[in-house]
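All remarks here apply to the structure that follows.
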Number of protein chains: 2
Amino acid sequence: MQHRDLGLTPVHESQDDLCVARVPVFAKLPRATQLEIAGYARPRKLRAGEALYRQGDAIAQLFVVHTGTSKLTQSRADGEWLVRTVGPGEVVGEHAFLTGARPDDTVTALEDSQMCVFDHRDLGRIISAHPQVAIEMLRAVSTRLQRAERRITALAGTDAVTRLSDYLLGSPFARDGETAVVTLPMTKREVASYLGMTPESFSRALARLTKSGAIEVDGPRIRLLDPAKLTS
Amino acid sequence: MQHRDLGLTPVHESQDDLCVARVPVFAKLPRATQLEIAGYARPRKLRAGEALYRQGDAIAQLFVVHTGTSKLTQSRADGEWLVRTVGPGEVVGEHAFLTGARPDDTVTALEDSQMCVFDHRDLGRIISAHPQVAIEMLRAVSTRLQRAERRITALAGTDAVTRLSDYLLGSPFARDGETAVVTLPMTKREVASYLGMTPESFSRALARLTKSGAIEVDGPRIRLLDPAKLTS
DNA sequence: CGATAGGTTGAAAGTGATCAAACGCTGTGG
DNA sequence: CCACAGCGTTTGATCACTTTCAACCTATCG
């Protein structure tokens with residue numbers, strides 16, 4: 001495994017270093033610790049459309065996203081479902097990394113991406129030496145769990161238009177003058193899958209919100225003309 | 001069962017000790033470490049129906065369930081939804097514990113229960129001193145996350161009978177001769193909520209599976225007569 | 001007992017899925 | 001430059017399903 005000489009950081013680490021420093025999980029650590037941790041990381045590049053790993057692969061690695069966004073999907077008898085998307089600073093593969101189990105999801109890059117890769121066998125060493133890392137990872141995973149559990153109750157209890165409204169209100173947005181503009185991260189087909197509906201239903205839900213004057217759709221860009229109408 | 005008297009154990013520790021030793025998160029630690037951690041824990045007893053905490057409470061504590069089962073629910077505009085149940089050895093409140101944020105769920109005891117309580121302010125100390133605890137907690141949270149994400153795809157994609165079938169096949173069961181018997185952990189109304197359907201639909205789904213000969217229902221007990229029929 | 005709560009069953013209504021067709025955009029090859 | 005193919009998206013019609021509303025049933029409990 002890589003990572004020798006903890007004291008003397010070689011020049012070629014500069015890229016890993018960037019990765020480690022920019023990511024919330026490691027951001028608060030002292031510089032020296034970041035450099036040490038960078039020693040465990042291997043860089044990995046992905047091109048748009050390329051898979052990071054697939055359901056059932058024998059990998060046991062933690063991936064920290066540096067640049068680019070990817071999608072995490074699960075394949076079932078009834079088709080492929082989008083579980084979530086991951087962007088810079090987020091972490092994937094932690095279940096395999098922590099337990100050694102094979103992943104039951106597939107991660108595919110939506111854009112050209114860069115990641116930091118950590119191996120299962122280094123886990124114990126990193127955490128023993130820097131417990132703060134564990135706390136940050138716990139925070140990250142626990143936050144995702146919270147979001148997932150909230151999404152469960154939303155999927156179980158609300159109709160298509162409400163799910164779409166909640167999704168729009170919860171999405172990152174750009175400002176355009178007074179109004180917020182949400183840009184869909186993927187094709188509408190895939191966003192529909194994320195929201196647990198068919199592309200047709202998604203299209204109809206958008207149409208209904210447009211007719212009510214709540215939003216305005218322009219390709220992947222959605223202007224929230226009247227957020228109050230989305231709260232109903 | 002565990003917790004025999006190891007001689008040096010102070011009497012007043014016996015209860016906390018029991019708690020710490022029986023729980024997966026702490027089970028693998030050396031005895032001395034367990035005792036030390038037990039020093040941070042406070043016991044807490046709940047009677048059936050009593051709430052451990054409520055959505056929005058200003059608590060920042062980790063609860064480790066020692067005995068009894070509880071339910072974790074989320075209240076939304078459209079009613080109350082069951083998120084999951086927790087039993088001995090499981091952990092609740094970790095999001096509040098880790099981040100200091102207020103919980104957005106409510107935990108209610110289904111039976112008389114005992115818990116160990118850890119305070120947010122002790123978190124750093126425990127984990128710095130015993131990083132192994134952090135790894136175990138990460139494993140636990142990450143496993144729950146995995147389950148939650150799988151449940152999301154199930155809720156999104158399948159019909160009522162399939163969801164019920166999958167639920168039965170995934171539930172812990174007792175053996176009765178050849179056949180497995182699943183006992184519902186709560187009222188059917190609440191299990192229905194867990195599966196994202198109304199009590200009526202739940203009842204009808206049970207009826208259909210009964211008519212097809214796959215199961216036999218006797219109050220909260222469900223005999224899986226023909227598991228193969230549930231796999232369809 | 002009557003009352004309450006959980007559970008079941010029936011009929012009606014609503015919603016999303018499915019199937020099918022058409023639109024618009026993009027890239028390709030004649 | 002244009003015709004065409006392919007894909008994502010939209011729209012319409014139909015169908016299957018779950019929800020809703022209502023009645024009824026059955027235990028438990030004061």
Check your understanding: Taking atom P of dT26(D) as reference, at what distance in whole Å does atom NZ of Lys188(B) sit?
Key -> 14 Å

Point to revise | Pair Glu149(A) + Arg84(B), salt bridge at N-O below 4.0 Å | key: yes

Review point. Can you tell me how far C1' of dG8(D) sits from CG of Leu110(A), to the nearest Å?
Key: 16 Å

Review point. When you look at CZ of Phe173(B), are more than 12 heavy atoms from neighbouring residues, nucleotides or ligands closer to it than 6.0 Å?
Key: no

**Study point:** Shortest non-hydrogen contact between Thr106(B) and Arg54(B), atoms and distance
**Key:** OG1-CA, 3.6 Å

Exercise for review: Starting from the C-alpha separation in whole Å, work towards a yes-or-no answer on side-chain contact (heavy atoms from CB on, under 4.5 Å) for Lys45(A) and Asp112(A).
Suggested key: CA-CA 8 Å; Lys45(A) 286 185 187 180; Asp112(A) 290 356; over 6 Å; no

Check your understanding: Does Arg221(A) pair with Asp218(A) as a salt bridge, N-O distance under 4.0 Å?
Key -> yes

**Study point:** Atom-to-atom span, CG of Leu195(A) to C1' of dA17(C) - whole angstrom
**Key:** 16 Å

Practice item. Mark yes or no for whether Thr67(A), through its side chain, and Gln114(A), through its backbone, hold a donor-acceptor pair below 3.5 Å. Key: yes

Practice item. Could you state the atom-to-atom distance from CZ of Arg189(A) to P of dT11(D) in whole Å? Key: 16 Å

Review point. Side chain of Thr162(A), backbone of Thr158(A): donor and acceptor closer than 3.5 Å?
Key: no

Pull out every protein N or O sitting under 3.5 Å from an N or O of nucleotides 23-28 of chain C, one pair per line with the distance.
none

Check your understanding: Expressed in angstrom and rounded to an integer, what is the separation of Asp218(B) atom CG from dG7(C) atom C1'?
Key -> 14 Å

Check your understanding: Where along nucleotides 17-25 of chain D does protein come under 4.0 Å, by heavy atom, of base (B) or sugar-phosphate alone (S), with - for untouched nucleotides?
Key -> -SBBBB---

Review point. Would Glu90(A) and Arg144(A) pass as an ion pair if we require N to O under 4.0 Å?
Key: no

